[in-house]
Amino acid sequence: MSHAHTPAVFFLEGLSDSLKAIAEKVRNGERITPEEGIVLFEQGSLGFLGSLANVIRESKHGHATYYNRNFHIEPTNVCVFSCKFCSYSRLYAHREEGWELSIDDMLNIVKKYDGQPVTEVHIVGGVHPKMDIHFFAELIRRIRAHRPDLHIKGFTAVELEYMFRKAKMTVEEGMSYLNQAGLASLPGGGAEIFAPEIREQICADKVDGDGWLNIHRTAHQLGMHSNATMLYGHLEHYTHRIDHMNRLRQLQDETGGFNCFIPLKFRNQDNEMSHIAETSVIEDMKMYAVARIFMDNFPHLKAYWPMLGRQNAQLTLSFGVNDLDGTIDDSTKIYSMAGSEEQNPAMSTEELTRLIRQAGRTPVERDTLYNVVERSA
Ligand code: V47
Ligand code: SF4
């Protein structure tokens, strides 16, 4: 008997009743509860989780694996906050190691891509006490005037909360001001772990979980889209991961404004949490799979390859991931400083698409909003 569109049942043999019940729900396209999410983390084998995640991935996207031609701008590495996992934060105390770019400097970066087929600029950096909302609105207006077709995705909720507070603007006022200047989407950073008992230990002084969610809610209400991340593999327990994903799932039910979820593996080099061992590749793949199973209303699951390295990124494509982000220019320093696999996180489109094909998937170029980009050869 063949089931072309249902998962093979061989992996159900020998499973606990609760895992069988979860597999049945997934097969019927039903949502799993937070308690079931924890059971998956605690009891699900790598093979079981991968099979379930893959069923969902293929029913949503088939073999399509998205990538994006983008580049990053980091306006500064100076930061008023002191997240313990961040290899940047100490730089505020060592200002001589810090940099800050002027609007002209940043426009020159944009101009380097004139005539090149990039569709997105991703702007994200530290939280500099002197770079205010008007500075960034001007930057956005100048980028838009120079290259109107470029989608401007910028500023984590952490940067935004600080900008709005300094300018004495409400979240609504600040967000619509930047949106009118030309900010089109928000990246997913700064989410870390929402649960206060963990957040207080790893990034006590920046925006809290509710504040992060409220900034994304407000952006969605203005018609903007955004991403969401989760920093895992440090002090948190499975319950905190599920709580984090559950809060995102609830907001997504409310607004539908999230494009993708990006689990970020904690990397331990050169920061105040270096004593914490990094998670294994097996744990990483389980994380992606559970995310794909739990986050049923998130269209896309992204693996950020500069953090994982090329080979592990390839592996995620069998554990629910359908997006490998972009072909990023080498200006992305935050990750190489934290000890990520890729000291030079730039990959040509040819290399990225080859990697996707080698994993048995089909590369598809997308824009920020996941419209397929057709190019004549
Ligand atoms: O919020 C900082 C993380 C994030 C470390 O939306 C670390 O498309 C691991 O969110 N180990 C910022 N992670 C980056 C980010 C992002 C990246 C790519 C694409 C998108 C998107 C968003 O980087 C921070 C923090 O969670 N981070 N230090 C570290 N040692
Ligand atoms: Fe600053 Fe972001 Fe690093 Fe935290 S993670 S210290 S907010 S740059």
Side-chain angles (χ1 to χ4, degrees), residues 66-68 70-72 74-93 98 120-129 131 151 153-163 185-194 198-199 202-207 212 216 219 224-234 236 244 248 258-274 276 278-279 284 287 298 300-308 313 323-326 328 332-342 345 366-370:
Y66 294 97
Y67 67 94
N68 182 16
N70 66 3
F71 63 98
H72 285 220
E74 294 182 34
T76 182
N77 64 345
V78 171
C79 188
V80 300
F81 296 121
S82 46
C83 307
K84 292 210 166 57
F85 52 80
C86 178
S87 317
Y88 261 25
S89 51
R90 67 198 160 83
L91 288 178
Y92 190 50
E120 175 188 283
V121 54
H122 179 154
I123 308 173
V124 66
V127 179
H128 193 292
M131 289 178 165
H151 186 108
K153 178 177 90 178
F155 314 120
T156 63
V158 174
E159 295 164 276
L160 293 169
E161 188 272 339
Y162 186 83
M163 269 185 235
S185 299
L186 307 186
E192 323 312 357
I193 287 284
F194 293 141
I198 299 297
R199 205 170 181 85
I202 63 170
C203 57
D205 53 359
K206 71 185 186 188
V207 67
W212 190 100
H216 282 254
M224 300 164 75
H225 287 265
S226 72
N227 297 333
T229 57
M230 173 170 75
L231 183 73
Y232 72 92
H234 42 89
E236 89 292 354
H244 187 93
L248 291 169
F258 286 114
N259 280 334
C260 78
F261 180 56
I262 315 164
L264 295 171
K265 172 194 177 89
F266 165 67
R267 304 307 306 248
N268 70 3
Q269 257 179 48
D270 229 359
N271 54 50
E272 288 179 50
M273 286 164 56
S274 297
I276 298 175
E278 291 182 2
T279 49
D284 297 332
M287 178 66 241
F298 272 63
H300 305 285
L301 181 65
K302 173 150 95 182
Y304 188 58
W305 66 262
M307 283 305 261
L308 282 173
D323 184 2
L324 288 188
D325 201 84
I328 299 151
T332 310
K333 299 198 182 63
I334 189 166
Y335 314 104
S336 45
M337 293 177 73
S340 58
E341 296 304 318
E342 303 290 342
R366 63 162 176 90
D367 65 14
T368 312
L369 303 177
Y370 290 84

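For ligands, and for the atoms within them, numbers begin at 1 and follow the listed sequence.
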Participant: Could you list the atoms of ligand 2 found under 4.0 angstrom from a heavy atom of Phe85?
Facilitator: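 Checking each atom against Phe85, I get 5 (S).
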
Participant: Run the contact test for Gln269 against ligand 1 with a 4.0 Å cut-off on heavy atoms, strictly below, and give the result.
Facilitator: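 It does not, in that no heavy atom of Gln269 comes within the 4.0 Å cut-off of ligand 1.
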
Participant: Side chain of Arg366, backbone of Asn68: donor and acceptor closer than 3.5 Å?
Facilitator: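 Not at all, since once roles are kept as given, no pair shorter than 3.5 Å links the two residues.
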
Participant: Just to check, does Met273 reach to within less than 4.0 Å of ligand 1 when the distance is taken from its heavy atoms?
Facilitator: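 Met273: no contact with ligand 1 (<4.0 Å).
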
Participant: Counting N and O atoms only, with roles assigned by atom type, does the side chain of Asn271 sit under 3.5 Å from a partner on the main chain of Phe85, one being a donor and the other an acceptor?
Facilitator: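 Yes; at least one donor-acceptor contact below 3.5 Å.
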
Participant: Just jot down the ligand 1 atoms closer than 4.0 angstrom to any heavy atom of Asn271, in number order.
Facilitator: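 Atoms satisfying the 4.0 Å criterion: 30 (N).
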
Participant: Out of all atoms in ligand 1, which are within 4.0 Å of some heavy atom of Phe266? Include the element for each.
Facilitator: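 Those of ligand 1 that fall under 4.0 Å from Phe266 are 9 (C), 11 (N).
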
Participant: Is there side-chain contact between Glu192 and Lys206, with heavy atoms separated by less than 4.5 Å?
Facilitator: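 Result yes, sub-4.5 Å side-chain heavy-atom pair found.
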
Participant: Could you say whether the N/O atoms of Lys302 and ligand 1 ever approach to under 3.5 Å?
Facilitator: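 Between Lys302 and ligand 1 (N or O atoms, distance only) the closest approach is under 3.5 Å.
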
Participant: Within the distance-only criterion (no hydrogens, no angle test), does the side chain of Ser274 pair as donor or acceptor with the backbone N or O of Asn268 below 3.5 angstrom?
Facilitator: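 Judged by distance alone, yes, a pair lies under 3.5 Å.
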
Participant: Would you mind running through ligand 2 and noting each atom that sits below 4.0 Å from a heavy atom of Cys83?
Facilitator: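 So the atoms of ligand 2 that pass are 4 (Fe), 5 (S), 6 (S), 7 (S).
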
Participant: Any atoms of ligand 1 less than 4.0 Å from a non-hydrogen atom of Gly189? List them with their elements.
Facilitator: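 Ligand 1 atoms under the 4.0 Å threshold to Gly189: 1 (O), 10 (O), 15 (C).
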
Participant: Using only atom types and a distance under 3.5 Å, with no angle test, would you say the side chain of Glu161 pairs donor to acceptor with the backbone of Val158?
Facilitator: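 Not at all, since once roles are kept as given, no pair shorter than 3.5 Å links the two residues.
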
Participant: I want to confirm something. Looking only at heavy atoms, which of Gly188, Ala191, Gly190 is nearest to atom 6 (O) of ligand 1?
Facilitator: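 The nearest heavy atom belongs to Gly188.
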
Participant: Which of the atoms in ligand 1, numbered in the order shown and given with their element, are less than 4.0 Å from a heavy-atom of Pro187?
Facilitator: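 So the atoms of ligand 1 that pass are 6 (O).
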
Participant: Counting only heavy atoms closer than 4.0 Å, does ligand 1 sit against the backbone of Phe85, its side chain, both, or neither?
Facilitator: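 Both backbone and side chain of Phe85 come within 4.0 Å of ligand 1.
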
Participant: Counting only heavy atoms closer than 4.0 Å, does ligand 1 sit against the backbone of Val124, its side chain, both, or neither?
Facilitator: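 Near ligand 1, Val124 shows nothing, with every heavy atom at 4.0 Å or more.
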
Participant: Under the 3.5 angstrom rule, does the side chain of Glu159 hit a backbone N or O of Gly125 as a donor-acceptor pair?
Facilitator: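 Checked: pair present.
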
Participant: I want to confirm something. Looking only at heavy atoms, which of Glu278, Met307, Glu192 is nearest to atom 26 (O) of ligand 1?
Facilitator: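 Going through Glu278, Met307, Glu192 one by one, Glu192 has the nearest heavy atom to atom 26 (O) of ligand 1.
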
Participant: Listed by chain and number, what are the ring-ring contact (aromatic ring centres under 6.0 Å, His included) partners of His216, not counting sequence neighbours?
Facilitator: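 ring-ring contact (aromatic ring centres under 6.0 Å, His included) check on His216 returns Trp212, Phe258.
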
Participant: Counting only nitrogen or oxygen atoms and a 3.5 angstrom limit, does Arg267 reach ligand 1?
Facilitator: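 Yes, Arg267 has an N/O under 3.5 Å of an N/O on ligand 1.
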
Participant: Would Tyr304 count as a polar contact of ligand 1, with the cut-off being nitrogen or oxygen pairs under 3.5 Å?
Facilitator: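 N/O-N/O distance under 3.5 Å: no.
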
Participant: Would a distance-only check, ignoring hydrogens and angles, find a side-chain to backbone donor-acceptor pair under 3.5 Å from His244 to Thr229?
Facilitator: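 The answer is yes, because a donor-acceptor pair under 3.5 Å joins these two groups.
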
Participant: So Lys84 and His234, do their side chains get closer than 4.5 Å, heavy atoms only?
Facilitator: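 The answer is no, as the side chains (C-beta and beyond) never meet within the 4.5 Å cut-off.
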
Participant: Test your reading of the model: is there a side-chain donor-acceptor pair from His128 to the backbone of Val78, 3.5 Å cut-off?
Facilitator: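 It does not hold such a pair.
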
Participant: Is there a donor-acceptor pair closer than 3.5 Å between any side-chain N or O of Lys265 and the backbone N or O of Thr279?
Facilitator: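 Yes, the answer is positive, given that a donor and an acceptor are paired below the 3.5 Å cut-off.
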
Participant: Give a yes/no answer: is there an N/O/S atom of Cys203 under 2.8 Å from atom 4 (Fe) of ligand 2?
Facilitator: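 For Cys203, the answer is no, given that no N, O or S atom comes within less than 2.8 Å of atom 4 (Fe) of ligand 2.
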
Participant: Can you confirm whether or not the ring centre of His300 sits under 6.0 Å from the ring centre of Tyr370?
Facilitator: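 Close enough - the centres of the two rings lie under 6.0 Å apart.
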
Participant: Return the option from Gly189, Cys79, Cys86, Ser87 holding the heavy atom at the smallest distance from atom 7 (S) of ligand 2.
Facilitator: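 Minimum heavy-atom distance to atom 7 (S) of ligand 2 goes to Cys79.
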
Participant: Under 4.0 Å from a heavy atom of Thr229: give me the atoms of ligand 1 that qualify, with their elements.
Facilitator: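 Answer for ligand 1: 10 (O).
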
Participant: If you measure every N or O of Lys153 against every N or O of ligand 1, does any of those distances drop under 3.5 Å?
Facilitator: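 Right, the criterion is met.
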
Participant: Just which atoms of ligand 1 are under 4.0 Å from any heavy atom in Asn227?
Facilitator: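 Per the distance check, 6 (O), 8 (O), 21 (C).
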
Participant: Counting from 1, what ligand 1 atoms have a heavy atom of Leu264 closer than 4.0 Å?
Facilitator: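 The atoms of ligand 1 under 4.0 Å from a heavy atom of Leu264 are 3 (C), 4 (C), 10 (O), 23 (O), 26 (O).
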
Participant: Would the distance check show the side chain of Arg199 and the main-chain N or O of Ala191 forming a donor-acceptor pair, the cut-off being under 3.5 Å?
Facilitator: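 Yes, Arg199 side chain to Ala191 backbone: donor-acceptor pair under 3.5 Å.
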
Participant: Select one of side chain, backbone, both or neither to describe which atoms of Ile262 lie under 4.0 Å from any atom of ligand 1, heavy atoms only.
Facilitator: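 The part of Ile262 near ligand 1 is the side chain, not the backbone.
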
